[in-house]
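Below you'll find the structure, written out as structure tokens, and then a few comments.
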Number of protein chains: 2
Amino acid sequence: MSEKDAVERRWSIGELARASGTTVRALYHYDEIGLLRASERTASGHRRYTEGDLRRLYRVRALRALGLSLEEIAGVLADSPDDLETMRALLAAQLHDLEDQAGRIDRLRQRLHGLLGKLDDASMPDTDQFMMTLETMSVFETYFTQEQQDQLAERRADLGPAAVEEAKARWVDLVGELLPHVQADTPVDDPRVRDLVSRWDALGSAFHADGEQGERTKAAAQRMWDDNSADLGRRLPWPADQMVALVAYVGRVRQAS
Amino acid sequence: MSEKDAVERRWSIGELARASGTTVRALYHYDEIGLLRASERTASGHRRYTEGDLRRLYRVRALRALGLSLEEIAGVLADSPDDLETMRALLAAQLHDLEDQAGRIDRLRQRLHGLLGKLDDASMPDTDQFMMTLETMSVFETYFTQEQQDQLAERRADLGPAAVEEAKARWVDLVGELLPHVQADTPVDDPRVRDLVSRWDALGSAFHADGEQGERTKAAAQRMWDDNSADLGRRLPWPADQMVALVAYVGRVRQAS
DNA sequence: CTTGAACCTCCCGCGACGGGAGGTTCTAGC
DNA sequence: GCTAGAACCTCCCGTCGCGGGAGGTTCAAG
């Protein structure tokens, strides 16, 4: 009899919180949402938790430590009298979620690492420059999918930094030659501008992959320039409105051919 | 004049959302919290965003893509006219946060991986067994710090699974020899029980590190058993109430020596 | 019998929006 | 000028897992 009484212990909410390493507030919450209610109450309304409640709480805490939501926990603790398969599926799904998160966090880490490197270099002179880098990143993300960005980065790595710089320089030359035509409004079927634009396109093509994927990436780049020429142009050494006019003009030249 | 008008474009909220890859709702939110308000309104109250607003939005999006909170973003966009150091500190802190998260996620992944492995083995017969494993994990986490658990795991790895199994078997033998004494209530200073308990303690010591750290881990294990002998005992092949009595008895024997 | 700790219920708060209700305004076609 | 439908406006409730406080009651020890 006394042995039985010793085993059938009851816990107040504070005792349970201390015994399980949670807080009283969390236990109120579990009670509210029906995840873990005290099996008994005293006459005055104080919660009395039984040993069964304590065991349930340990299960709840263990499953939460695995990252499951309270709703998922309520699910497995309720509907699976001995359904291991439900549990397996839930844990597998949870693992899959975590792999996803780990991937995202890793990409973010690399980005932050790169940015911090740039900040430590002398290569980043002021906040404005840095912000412009960020803006450009943001615009890129709006127009290119993750895979497309990876492709572009890979392509740049293949070509090597020297080739990229040379392409940039040649592109600057092209812009320099084209701007006067824009201002003079040279007819869009003039062989001189057609030649310049075809060299322009060839220059861009070097950065895209071959085949259908490359075409889609090119189309995305085109949309980006059409929508944002004013904004992207600000990053360049010419007045933004001239760049807007230039992009529009180049588009008309392409259409004419 | 007409050129200026062309440059000073305005965007409606929907246009801005499409141009930046966000949602109208998010823009309302940014307006509400003062992070990005439309510089102008039409006579009827519709928002008109200027090019400056668009640029600010790109910055906001870029910083959000790095995982910064809207509050942090408002901070750097407001108080740093050209303060690169604030930015650097913020990004460094963010990177540190991410490292933390990556660590937690990695540990969770390993745990989930291990659990799924056990589920796929024939080693996990039913849900109840599995839940008990989880409960035990939960209790361990309540009483041992992360480092202490790592230490214990390392120690077990050092000893090797064969030694661990042998220790378990010898401990089972000890319990088998001690239980009759508990039931008979053999005096706690009887040399036979003192010998049994000292062998018990020696067995446990093999799993703890030497020095002060090991002592703290032992103390934590002691607290765990004292608080939870009924619950932990259920996992063992003897009745739970006998285990409770046993733990209490062993405690008295230790005190007597 | 008192006092302080523990307990009770009810309610607001976070962060970054999503989504809906219920109303007004813009825009294109007739 | 009229109408329909798209776009816009403001206000408000919901998310998830509690934290924290107000304002009151009950318990346990001295």
Side-chain angles (χ1 to χ4, degrees), chain A residues 10-49 53 57 59-75 77 90 94 97-98 101 104 108 138, chain B residues 9-49 53 56-57 59-77 90 93-94 97-98 101 104 108 138:
Chain A
R10 297 297 131 104
W11 287 261
S12 75
I13 194 166
E15 287 166 346
L16 197 67
R18 275 191 302 276
S20 64
T22 38
T23 65
V24 171
R25 192 56 189 81
L27 293 176
Y28 281 137
H29 184 59
Y30 297 160
D31 193 323
E32 253 184 58
I33 65 173
L35 176 59
L36 174 66
R37 7 194 70 126
S39 295
E40 301 173 2
R41 296 273 186 141
T42 66
S44 60
H46 287 193
R47 289 168 178 77
R48 295 289 98 167
Y49 290 90
D53 296 336
L57 177 55
R59 296 181 178 196
V60 168
R61 297 301 295 174
L63 292 170
R64 263 211 53 77
L66 296 178
L68 301 186
S69 73
L70 297 185
E71 200 179 343
E72 291 169 325
I73 294 173
L77 289 188
L90 193 58
Q94 178 65 14
D97 264 24
L98 285 180
Q101 282 189 47
R104 270 200 301 277
L108 258 187
S138 178
Chain B
R9 195 183 152 186
R10 299 296 131 104
W11 287 261
S12 74
I13 194 167
E15 287 166 346
L16 197 69
R18 276 191 300 274
S20 64
T22 39
T23 65
V24 171
R25 192 57 188 79
L27 294 176
Y28 282 135
H29 184 59
Y30 296 160
D31 192 325
E32 254 185 55
I33 63 172
L35 175 59
L36 173 67
R37 7 195 68 127
S39 294
E40 302 173 1
R41 296 274 187 141
T42 66
S44 59
H46 287 193
R47 289 168 178 77
R48 296 288 99 167
Y49 290 91
D53 296 336
R56 187 175 170 92
L57 177 55
R59 295 181 178 196
V60 169
R61 296 302 295 173
L63 292 170
R64 264 214 48 79
L66 296 178
L68 301 186
S69 73
L70 297 185
E71 201 179 343
E72 290 168 326
I73 294 172
V76 285
L77 288 187
L90 193 58
Q94 178 65 14
D97 264 26
L98 284 179
Q101 281 190 45
R104 271 200 301 277
L108 258 187
S138 178

Ile73(B) CD1 - dG15(C) P separation (whole Å): 13 Å

Thr22(A) vs Val60(A) side-chain heavy atoms within contact, under 4.5 Å: no

Qualifying residues under side chain to side chain donor-acceptor pair (under 3.5 Å), relative to Gln101(A), sequence neighbours excluded: none

Test log, rule side chain to side chain contact (heavy atoms under 4.5 Å, CB included), inputs Leu63(B) and Leu77(B): CA-CA 10 Å; Leu63(B) 292 170; Leu77(B) 288 187; 4.3 Å; yes

Rounded distance (Å) that lies between atom P of dC8(D) and atom CG of Asp31(B): 14 Å

Reported OG-to-CZ distance for the pair Ser12(A) and Arg18(A), which is rounded to 0.5 angstrom: 6.5 Å

Phosphate OP1/OP2 of dC17(C) contacted by Tyr30(B) side-chain N/O (<4.0 Å): yes

Value in whole Å for how far the P atom of dA7(D) lies from CH2 of Trp11(B): 19 Å

Listed partners of Asp31(B) passing side chain to side chain donor-acceptor pair (under 3.5 Å), at least two apart: Arg47(B)

Distance, rounded to the nearest Å, where Arg37(B) contributes CZ and dC9(D) contributes C1': 16 Å

With Glu15(B) via side chain to side chain donor-acceptor pair (under 3.5 Å) - residues at least two apart: none

Phosphate OP1/OP2 of dC8(D) contacted by Arg47(B) side-chain N/O (<4.0 Å): no

Interatomic distance, Leu68(A) CG vs dC18(D) C1' [rounded to whole Å]: 17 Å

By salt bridge (charged side-chain N to carboxylate O under 4.0 Å, His left out) - contacts of Arg61(A) (at least two apart): none

Listed partners of Ala74(B) passing side-chain contact (heavy atoms from CB on, under 4.5 Å), at least two apart: Leu35(B)

Length of the line joining Glu32(B):CD and dC17(C):C1', which is rounded to integer Å: 10 Å

Test salt bridge (charged side-chain N to carboxylate O under 4.0 Å, His left out) applied to Glu72(A) - qualifying residues, sequence neighbours left out: none

Side chain to side chain donor-acceptor pair (under 3.5 Å) involving Arg59(B) - partner list, sequence neighbours excluded: Glu135(A)

By side-chain contact (heavy atoms from CB on, under 4.5 Å) - contacts of Ala93(B) (at least two apart): none

N/O (side chain, Thr23(B)) to phosphate O (OP1/OP2, dC17(C)) under 4.0 Å: no

Phosphate-side-chain proximity, Tyr28(B) and dC9(D), N/O vs OP1/OP2 below 4.0 Å: yes

B/S/- contact track for nucleotides 21-30 of chain D, protein heavy atom under 4.0 Å: -----SS---

Sugar-phosphate only, base, or nothing, as touched by Ile13(A) at under 4.0 Å among non-hydrogen atoms: sugar-phosphate

Extract from the structure each pairing of a protein N or O with an N or O of nucleotides 14-16 of chain D at less than 3.5 Å, listing the distance.
none

side-chain contact (heavy atoms from CB on, under 4.5 Å) involving Leu16(B) - partner list, sequence neighbours excluded: Trp11(B), Leu27(B), Tyr49(B), Leu54(B), Leu57(B)

Overall bend - the helix from dC1(C)-dG30(D) to dC30(C)-dG1(D), comparing terminal axes fitted on five pairs, nearest 10 degrees: 10°

Spacing between Leu27(A) atom CG and dC8(C) atom P, to the nearest angstrom: 10 Å

Spacing of Glu15(A) atom CD relative to dA6(C) atom C1', expressed in whole Å: 10 Å

